[in-house]
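We count ligands from 1, going down the list as the structure has it; atoms in each ligand are counted the same way.
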Amino acid sequence: MAQIINGKEVSAKVRENLKKETADLLESTGICPGLAVILVGSDPASQVYVRNKHLACEELGFHSFEYKLSENTTQEQLLDLISVLNKNPKVHGILVQLPLPDHLDEQSVLYAIAPEKDVDAFHPMNVGKIMIGNYEVLPCTPAGVMELLDASGVEIAGKNCVVIGRSNIVGKPMSMLLLQRSGTVTICHSKTKNLADICAQADILVVAIGKPKFVTADMVKEGAIVIDVGINRDENNKLCGDVDFESVSPKASLITPVPGGVGPMTITMLMKNTLRAAKAQNGIKD
Ligand code: GUN
């Protein structure tokens, strides 16, 4: 039976360290990390995420700047706000909550954020830096996965790592981070042939495909480490991951549950990026 990786516990430990680091920074330099979050429209899930980001700022002692804009906000108005925030020295991180309403051009909005304030790591400058391996910020979800693997003492070098999903937010950067740690990385996606066979070769399997209980026991090697990035609702409207936890956990050596695995890590990683950005923007080495 697999040991369960407790994301809540790891997240709480990281937050404790961040809180202390933030207090030290304020005391020694007077700098308080500031995070600006922009929400356009009233998508209910996005409202919850934005609220949780605000609460995390309060918990750690960050400045929180919240902008709730109407559904009808124009591209120009949004770009103007980003431009003002880019110039505000109290704002070290800027996050535009996705998805944006259809009439807004997501790409040009994300590209308008100053790369040094891009705490999502979505700007091409930061994406490129991750590819090269010389980066300051990492996208929150893959960074959270790496933190969980490290907290669990998982050795990555030389391991067969299979990532299911090739999104810009999770799959692609996740693969790069595993590669950087000398994993042998395979990226699978909707057109992959023999997906089950490839997954069954994985020592470390990271699943970010967005399909409830997609990975079943027959796709998992005995003793594999299984990381589930999915958040879905099952047929009974209960939260579930992309992995069929019930059948897979007896086979795995380590596994993340949903909820309580990768989920609790993401906002914590956003806070870590913001603190890092605050230090970098003030010439303070980490
Ligand atoms: N919406 C869902 N996940 C994310 C994320 O990681 N960043 C942003 N900006 N929006 C999101």
### Task
Only counting residues at least two apart or in another chain, list the ones meeting side chain to side chain contact (heavy atoms under 4.5 Å, CB included) with N194.
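In terms of side chain to side chain contact (heavy atoms under 4.5 Å, CB included), with neighbours along the sequence ignored, N194 is linked to D197.
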
### Query
Got a sec, which residues hit side chain to side chain contact (heavy atoms under 4.5 Å, CB included) with E71, two or more places apart in sequence or on another chain?
S42, P101

Give the table of side-chain donor-acceptor pairs shorter than 3.5 Å for residues 170-177, with sequence neighbours excluded, one pair per line with atom names and distance.
unit_1, atom_1, unit_2, atom_2, d
K172, NZ, N168, OD1, 2.9
S175, OG, G171, O, 2.7

### Task
Collect the protein residues that have a non-hydrogen atom under 4.0 Å from ligand 1 and hand them over in chain and number order.
L95, V96, Q97, L98, D120, F122

### Task
Carefully, step by step, assess S11 and T268 under the rule side-chain hydrogen bond (donor to acceptor under 3.5 Å, both in side chains).
CA-CA 6 Å; S11 169; T268 299; 2.8 Å; yes

### Message
So, taking the atom named CG in L85 and the one named CD1 in I38, what distance separates them when rounded to the nearest 0.5 Å?
### Response
5.5 Å

### Query
Shortest non-hydrogen contact from I82 to A112?
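Looking at all heavy atoms of both residues, the closest pair is CG2-O, 3.6 Å.
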
